[in-house]
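Below is one structure, written out as structure tokens, with a few remarks after it.
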Amino acid sequence: MRPDWERGLNPEQLDAVETIEGPLLIIAGAGSGKTRVITFRIAHMLDEGIAQHSILALTFTNKAAREMASRVREITGKKLQGLTVSTFHSFGVSILRKDIGLLGYRDNYSIYDEADRNQLIKDCAREQGYRMEAFDAWKVGALFSEITAGVRDWSRADDSYKDLYAEYRRSLKIFNAVDFDDLIGLPIRIFDDHPATAAEWRLRYRYVMIDEFQDTSLQQYRMMKLISGDNVCVVGDDDQSIYSWRGANYENIMQFERDFPQRKEIKLERNYRSTSTILDAANAIIQNNDNRKEKALWSPAGLDGGLIELYRPDDDGEEADFIATSIRAAKVEEQRKWDEFGILIRTNNLARRMEESLLAQDIPYRISGGSSFFGRKEIKDIISYLRVIANPDDDINLLRIINTPRRGIGKTSIERLNTIARAMGSPIRTAMEHAAARDGIPLREGGGEAVTQGGSPSTEEPAFALSADPPGAGKDIPADDGVPRLGDKAIADVSALLELLDQWRDELLGKKRIADRVRKLIDAIDYWGYLIEENRQNDKAAKWKFHNVETFINMIKDWEEDPDNLDPGLFAWLNRITLVTRDDDSDEEGGKVNLMTIHAAKGLEFEVVYIAGCEDGIIPHARSLEEGGEIAEERRLFYVAVTRARQRLIITACAKRRKLKALVDCVPSPFLSEIPPHLISMREMASEVSEESAEAMFSKMKGMFGGEGDGLVDGGTDAPKPSPKRPERKRVD
DNA sequence: GTGTTTACTTTTTTT
DNA sequence: AAGTAAACAC
């Protein structure tokens, strides 16, 4: 049953697999079997009797982590129980889950994603009297992120935001919440401040492995140093470093060389993925970057294939239609499955037009990135409920649901609660309890309703709430001046909400079978009624949202019933979905065409790859260059895109593109001219293609009038699918 | 306090 | 073109 190491591994790979002690640096070119090496290496370790729980493998994306885990499972045929394969961020979560108490947080902390973070920054800014018209939360958020991550300090930043930052941090603490950067930063702080704890973790993970090392940030590097001893293996490729905008620092490779002078270094340059045409093109492109570790991919097998195809559609509509019809044709002619196709785009907004065409031609597809499933309003609402139930102090999410569905707590009431909370230096939750209690509706007794279960844990009443003359605790509320009170109706509504949250807290926390309970919760708040009410003139939208919520519940169910899931429960679920931004654990039945950004495609490969929108300003992205990004990184991005292809590579560059409203002329990407011309076949938008497309449309129309093929594909836009009633592209101008 | 209309900007890439 | 936030009307 043990795999035969020698078979199917070249000498360098074998060397890498068998070197398990001591620091190891693997420079792995695109398609050089990197994942294979890593998974075999883990399998080999297990084979050597190393315990699963002392191995830690860190990846960059969830997709990569999942992929790696399942490959290991495949090779070894073992159940993976103690093995840790995760992203840096989810690894941070698991450290915090255990040890965040050392920093004075409670362990039911919330994780704020970007939207939450920006919302909070906005609130703080409003509080500090910023002129909100001129306030750019996105920009400030990015700045704060850099500050937290330690890639920038106030001496090199607009330090007029210093106070705002302090306020932001304080609010996070009050709300018992952390942001993305904290997921790396706080564990580091724990390790720095508590050497004993650090030692424990280091002792546990005796073997550490890091994938996509060129994409690690300074901060992540520090984390790695703190957690690992001598048995570190990092795998990277400086040519594929495409995350510098996020703090990734491929000089970490050099740093590693400095920090581990006794390391072993292995280069993997044999490429098993692509045809030599594609490899030649890729090498030629990347050659234009300087300051890189010299290497060239070569194919031992000398795989032959056709030329790279370049098309110049008139506009983005034609481009999308072309790609869709071309995929349809290739599927039949080359007997391919849907999931052998990848459509790569630079930016998410390019996906929209693509989706339309795929939809119109009934091509099942999967999309990653963009506004994901979890970004939809109806889903966010439900998640917010769960968040608040898990962590009552979570203001951002509380505010989201405080009047959703409508329960009569309007703007003014919220404003007042906010003022009270600020005055007390506490979360809104406390202000609500205060407001409810002070006016004679003590939670304990309840308004005569069924509050029979005594003393729910979170209702220890605040000492100051009932006394009109609070003990001089400093942060108390003046009797009447300045601090607003709520109207009677509002108080009743607030109390009812508190009661509801408490009740469901008991119902959900630490319980099993969450999915069913969540459904009951949704019934209890009459979210269905809310959906119908909100979408009165559009019951299709209501249905669609309804369906989404159902899907969400089923996702919970699948997840908690998964036998590999060692820790089902509300907290684990919430943590998970904050980090999994894509609805990427979708089914594999029959496969789907993959539509994704180049960033998302890293580490993946497809038989047939389309790179759409290869135009100047898109693939060296205009904004990226403006903001001080390097052209070299854009080139690396293009290199990554090209090297995703195994057999066929099709590139499209439009002559015109609809941008905002206007049709603008486009120039092909300068990178295209870096590909040696003899590797490219320039194609006209040939007539055979339009024949092909006419045929596809025709059959599509037949299907349409036959049986309303409700081919709802996952992903896509928020609105109900614009039922593809118009198989032909119309030019109604 | 709530619902409706109007004005306005917008995100490159991901955890 | 769309989605959000502020202004306005009930």
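Side-chain atoms are counted along with the backbone in the values below, which use heavy atoms only and exclude waters and symmetry mates. Labels below follow one simple rule: chain letters A, B, ... track the order of the sequence lines, proteins then strands, and each chain is numbered from 1. If you're wondering where the values come from, they're calculated on a predicted model, not measured in any experiment.
- Across all strands, A/G408 comes closer than 4.0 Å only to sugar-phosphate atoms, never to a base (heavy-atom distances).
- The nearest whole Å value for the distance from the CG atom in A/L595 to the P atom in B/dT13 is 13 Å.
- For the pair A/E378 CD and C/dG3 P, the interatomic distance rounds to 12 Å; values are reported in whole Å.
- A/T59 and A/D211 share no side-chain donor-acceptor pair at under 3.5 Å.
- Residues in residues 629-640 of chain A take part in these salt bridge (charged side-chain N to carboxylate O under 4.0 Å, His left out) pairs, two or more places apart or across chains: A/R346-A/E634, A/E633-A/R636, A/R635-A/E674.
- Among the atoms of the strands shown, none is found under 4.0 Å from any heavy atom of A/S90.
- Using modelled atom types and a 3.5 Å distance limit, the side chains of A/N397 and A/S384 yield a donor-acceptor pair.
- When the P atom of B/dT15 is taken as reference, atom CD1 of A/I111 falls 14 Å away, rounded to whole Å.
- Residue-environment remark: NZ (A/K656) stays at or below the threshold of 12 foreign heavy atoms within 6.0 Å.
- Within the 3.5 Å criterion, the main-chain N or O of A/A600 finds a donor-acceptor partner in the side chain of A/T597.
- Residue A/R406 has a polar side-chain atom (N or O) positioned under 4.0 Å from OP1 or OP2 of B/dG3.
- Atom P of nucleotide B/dT14 and atom CG of A/D116 are separated by 18 Å, given to the nearest angstrom.
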Between protein and nucleotides 8-12 of chain B, what N or O pairs are separated by less than 3.5 Å?
{"unit_1": "B/dT12", "atom_1": "OP1", "unit_2": "A/R623", "atom_2": "NH1", "d": "3.2"}
{"unit_1": "B/dT12", "atom_1": "OP2", "unit_2": "A/R623", "atom_2": "NH1", "d": "3.3"}
{"unit_1": "B/dT12", "atom_1": "OP2", "unit_2": "A/R623", "atom_2": "NH2", "d": "3.0"}
{"unit_1": "B/dT12", "atom_1": "O2", "unit_2": "A/R346", "atom_2": "NH1", "d": "2.9"}
{"unit_1": "B/dT12", "atom_1": "O2", "unit_2": "A/R346", "atom_2": "NH2", "d": "2.2"}

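- A donor-acceptor contact closer than 3.5 angstrom is absent between the side chains of A/S669 and A/D616.
- Ring orientation note: the planes of A/F91 and A/Y205 are nearly perpendicular, at an angle over 60° on the 30°/60° scale.
- Residue A/F60 is classed as a sugar-phosphate contact, given heavy-atom separations below 4.0 Å to backbone atoms only.
- Atom P of nucleotide C/dA1 and atom CZ of A/R658 are separated by 8 Å, given to the nearest angstrom.
- We find that NZ of A/K377 is positioned 12 Å from P of C/dA2, with the value rounded to whole Å.
- Side-chain contact annotation: A/N176 with A/D394, donor-acceptor N/O pair under 3.5 Å absent.
- Residues A/Y168 and A/D179 bring a donor and an acceptor atom of their side chains to less than 3.5 Å of each other.
- Between the CD atom of A/E212 and the C1' atom of B/dT14 there is a distance of 13 Å, rounded to whole Å.
- Nucleotides B/dT13 and C/dT4, compared at atom C1', are 24 Å apart to the nearest Å.
- Atoms CZ (A/R400) and C1' (C/dT4) sit 12 Å apart, rounded to a whole Å.
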Detail all sub-3.5 Å separations between protein N/O atoms and N/O atoms belonging to nucleotides 5-10 of chain C.
none

